[in-house]
Every structure is written in C-alpha cells, then in structure tokens.
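As structure tokens, the structure follows; a few thoughts come after it.
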Protein chains: 2
Amino acid sequence: MATIQIGPQVQKPVNSRGEQTRNRILEAARTLFYRRGYARTSFTDIVNETQIRRGNINHYFRTKRDILEAVIDQNVDEYRRLFRQWEQDCPEPRDRLHRFVDMVAGNSSNLIRYGCPIGTLGSELGKDSSDFSDGARRLFDTFADWLATQFELLGKKADARRLALHLLCRTEGISIIAHVYNDPALIETEIAPLHAWIDAL
Amino acid sequence: MATIQIGPQVQKPVNSRGEQTRNRILEAARTLFYRRGYARTSFTDIVNETQIRRGNINHYFRTKRDILEAVIDQNVDEYRRLFRQWEQDCPEPRDRLHRFVDMVAGNSSNLIRYGCPIGTLGSELGKDSSDFSDGARRLFDTFADWLATQFELLGKKADARRLALHLLCRTEGISIIAHVYNDPALIETEIAPLHAWIDAL
DNA sequence: GTCTATAATACGATAGAC
DNA sequence: GTCTATCGTATTATAGAC
C-alpha cells in the first residue's frame, strides 16, 4: 500500500551522525545477540563493543528490549532485501529455492559456531515469560511467506505453506544438530537430499 | 566396564532426607530450565518453587552451574531408562524407532509451549562463552547413540550414525517450527513421513 | 541438614551537565 | 547528540548460627 505524499517530501538524512551511531549500536547488538544470546548480552557488552557511552545508547534505545525489536526489524529488512536480490537473479522459482538451501550450506561456519541466527533467537524468545514470541514468529514468517510464494509459483498453490514449513523444519533441524556437534560435514550430507527434493517437486 | 566390589558394599541411603531435598531441587531446576531457559532462571526462582531456603540449596549445589550439570545428568539417566523400557517392550528395532517418533508426537503440548527440552537447552548451551557445549553434546549423544544402535540392529551398520543424526535433524526441526508457530497440527503433518521413512528402510 | 543474614557484584535505566 | 555519575534492584555466592 503506497502512501500519498503531499508537497515536497522531507528527505530523511540517512547518513547523519545520529543515524550512524544508531546503526553502529544496532549492528553490534545484532552480532552479540546472535553469538551470546539475548539474555546473556548486557548493556555493558554493547558499550564495550561499540565504544559508545552508556547514556548515548540510552538516547537511541530507552530499553534493552527496544534494541531487540530494532534488531529483529533489521533482520527482517535484510532478509527481504536478500530475497528481492534472488528474485532478480533467478527467474525460475525452483532456482530460488535452491538458493535458499545453498544459503544454509554457504553459511555453515557461522551455523556451526553459533547456530541458526533465526532459530536460536526463536527458541530463546519463545520461552516462558519472555513475552516476545511475536518477534520470533515475525522472523520466521519472513522466510515462510517468501518460501510459500515460491512454491505457489511452482504450481503448488494448495500445499505452498505446508511445503514452506517443511523446508524450514529441515533446515532448522540441520542447523541445530550441526551446531551441537560442530560438524560441517553433516550440513553437506543433509543438504543434498533437500536439493533433490526441490528438483522432484 | 564393571567395578569390582571388595567387601560388603556400602548401600547409599537413597531415600534419606538429604537425598529427597536434593531431588526436589533438581526436579524444580529441571522444569524451570526447560520452561524459562537456564540464563533466565535465577536461584531465587528455585527457592520460590521448592520453598527450600537459599543456604540449603547451596549446601547441595555450590554454584548454579553445578545444578545445571546435575540436571543434565538426570536427563541423561531418565532417557536411558526410557530407552531400556522401549527395548523391553519392543523386540523389533523398527518398532523402537517408531516409539521414538511417537514420543515427539505424544509430547506435542509441551513441545509447542516450551520447545524441545533437549534442543532448546542445546541451543542455549552451545552459545559463545557459555563454555558448556559439552553438556549439550552429551545430551544429544544419549539419543544419537541409542538411535544408531537401533539402526545397526536393522542391518544398517555402515549408515547407522548418519541415519540417527538425520532422524534427530528431522525431529528437532519439527520441534522448533511447531514451537514458534504454536501449531500442534504441524507436528502430525511432519511426523507422518518419518514413520513411512522408518518402514521403508 | 537447615536456616538467616549479608557480602559483592552486575544489571537495566535515569538524571542532568555539556 | 554525547557524556559522566548514580540510583535501585536482582544476581550469585558465602558466612556462620542453630
């Protein structure tokens, strides 16, 4: 849905000093939340990582949870941008699905060290009294929706969502086990049948 | 490897008051770690849950991490006991594998609310500077080893470990996605092909 | 074995000067 | 927009009486 602009549009200064500071905070938080988990990442960790003073961070994000929400938004945006790129690169939806599976394989060194960036956050946020399972679902929906669209384009209209969730189950499971066992070979072994599965559709 | 006993064996009083207290602590911790995660569970939470005083808990477990290790040991023991039960109930290894898959389906209400008890703990412990990925691996090995044994008994000697890890990938992936989406139907849908897969081996 | 009291620290968040 | 200083609380862990 487009928003109607009245009068000259006020251009948001995307590279202002404030914007840069905010982005540095966000980037550090994203990495730390991924590598150490949200609960174990402290405000002080972010201060040390960015060298930005405590009070200044609080100027951009009043609470730690505000940072989390912004990090999730950033993740969603980034994956959507990636999907758009794939759509441009691959006219065939089948090739886009292969791209998705290849992304898992291509990111194996991070997956092995820290687990899936979406899945581990999802597990943590889904837990009791984290009252933020919305964030986890929003993150997964970014993937599920896009994957379902590709299956629809493949003519699997009725089963699109089921197939999308199936593929997510497969890749998430691989990420967990490969992470626990620090085993890159397992990713290769488990990814291969997924490519075959996509081709057989 | 059996230990040779010399002289009359000293029987450990398994139902002494101390043992009972220790077990109550352990049971509460196990539930809390599962439902809220290890990092977000505090000593105070365990005190409130058990009504056992702080100092008394520290008499049995000096540190929070000591509790974690004991909880993992307890989990390992309990699953091993369950596996022995299955071995008695089912002479056919194929039926035992079906039992394993059914366990996931039968535990769906907990899986949906809190995720997989092994997988979520594994994700959390595998993270950076938790320096306790051993615990996660030990937990998963309890399953992987037993599953591999069943595949060997099925005549899949060469592929036993690969098949075991594949099955773990599948069930863990299902747990994650069903948890994030609070979707019990997804468990049923995704479990069915696993039974078929076992039968087709 | 059980309890109370408390030490020592890390945390999230705020106030207010510049 | 950036900084220093600090409040109030929650945390793990310990000391020592009973």
Side-chain angles (χ1 to χ4, degrees), chain A residues 10-30 32-33 35-72 124-125 127-132 135, chain B residues 10-30 32-33 35-72 124-125 127-132 135:
Chain A
V10 177
Q11 192 67 30
K12 194 166 139 208
V14 70
N15 277 335
S16 70
R17 187 155 54 116
E19 195 80 4
Q20 277 184 358
T21 303
R22 204 187 115 101
N23 281 337
R24 278 172 57 209
I25 297 167
L26 227 47
E27 199 52 49
R30 194 166 80 113
L32 287 167
F33 291 170
R35 298 193 177 170
R36 317 171 51 132
Y38 173 68
R40 263 204 277 270
T41 299
S42 71
F43 246 97
T44 308
D45 290 331
I46 300 174
V47 169
N48 290 338
E49 186 69 23
T50 57
Q51 299 292 353
I52 295 167
R53 306 302 171 215
R54 198 175 198 74
N56 200 11
I57 292 179
N58 271 118
H59 176 256
Y60 291 96
F61 304 98
R62 208 176 58 81
T63 70
K64 189 183 166 188
R65 170 154 167 172
D66 288 340
I67 303 182
L68 176 60
E69 301 203 25
V71 162
I72 290 179
E124 188 178 358
L125 300 182
K127 288 281 178 190
D128 236 19
S129 70
S130 88
D131 71 12
F132 201 56
Chain B
V10 177
Q11 191 67 32
K12 196 165 137 207
V14 69
N15 276 335
S16 69
R17 187 157 52 116
E19 195 79 3
Q20 278 184 358
T21 303
R22 203 188 115 100
N23 281 337
R24 278 172 58 210
I25 296 167
L26 228 46
E27 199 52 48
R30 194 165 80 112
L32 287 167
F33 290 170
R35 296 192 179 172
R36 316 169 54 130
Y38 173 70
R40 262 203 278 270
T41 299
S42 71
F43 246 99
T44 308
D45 291 330
I46 299 174
V47 169
N48 291 338
E49 185 70 23
T50 57
Q51 300 291 354
I52 295 167
R53 305 302 172 215
R54 197 174 199 75
N56 200 10
I57 292 179
N58 269 121
H59 176 255
Y60 292 97
F61 304 98
R62 208 177 58 82
T63 72
K64 189 183 167 188
R65 168 151 168 175
D66 287 341
I67 303 182
L68 175 61
E69 301 203 23
V71 162
I72 291 178
E124 188 177 359
L125 299 183
K127 287 284 179 189
D128 235 20
S129 69
S130 88
D131 72 12
F132 200 58

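Model, not experiment: these values are computed from the prediction. Throughout, a chain's letter reflects where its sequence line sits, starting with A, and its residues are numbered from 1.
- Listed here is the closest heavy atom pair of A70(A) and F61(A): CB-CE2, 3.7 Å.
- For the segment residues 57-71 of chain B, the set of residues with a heavy atom within less than 4.0 Å of an atom of DNA chain C comprises H59(B), Y60(B), in numerical order.
- Per the geometry, CD belonging to Q51(A) stands 11 Å off P belonging to dT4(D), to the nearest Å.
- Here the shortest heavy-atom pairing between Y38(B) and R40(A) reads CD2-NH1, 4.2 Å.
- Minimum interatomic distance between I52(B) and R24(B) (heavy atoms only, all atoms of both residues): CG1-NH2, 3.5 Å.
- Five base pairs at each end of the helix from dG1(C)-dC18(D) to dC18(C)-dG1(D) define two local axes, and these are offset by 0° (rounded to 10°).
- The two residues L26(B) and V71(B) come nearest to each other via the heavy atoms O-CG2, 4.0 Å.
- Side-chain proximity of N56(B) to dG1(C), dG12(C), dT11(D): nearest is dG1(C).
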Between the protein and nucleotides 5-8 of chain D, list the N/O to N/O atom pairs that are separated by less than 3.5 angstrom.
none

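- The shortest heavy-atom contact between K127(A) and G37(B) is CD-N, 4.0 Å.
- Look at E27(A) and R30(A) and you find a salt bridge, because one of the NZ, NE, NH1 or NH2 atoms lies within 4.0 Å of a carboxylate O, short of that distance.
- Put simply, CZ on R24(B) is 14 Å from P on dG1(C), counting in whole angstrom units.
- What you find for A39(B) and E124(B) is that their closest heavy atoms are N-OE2, 2.7 Å.
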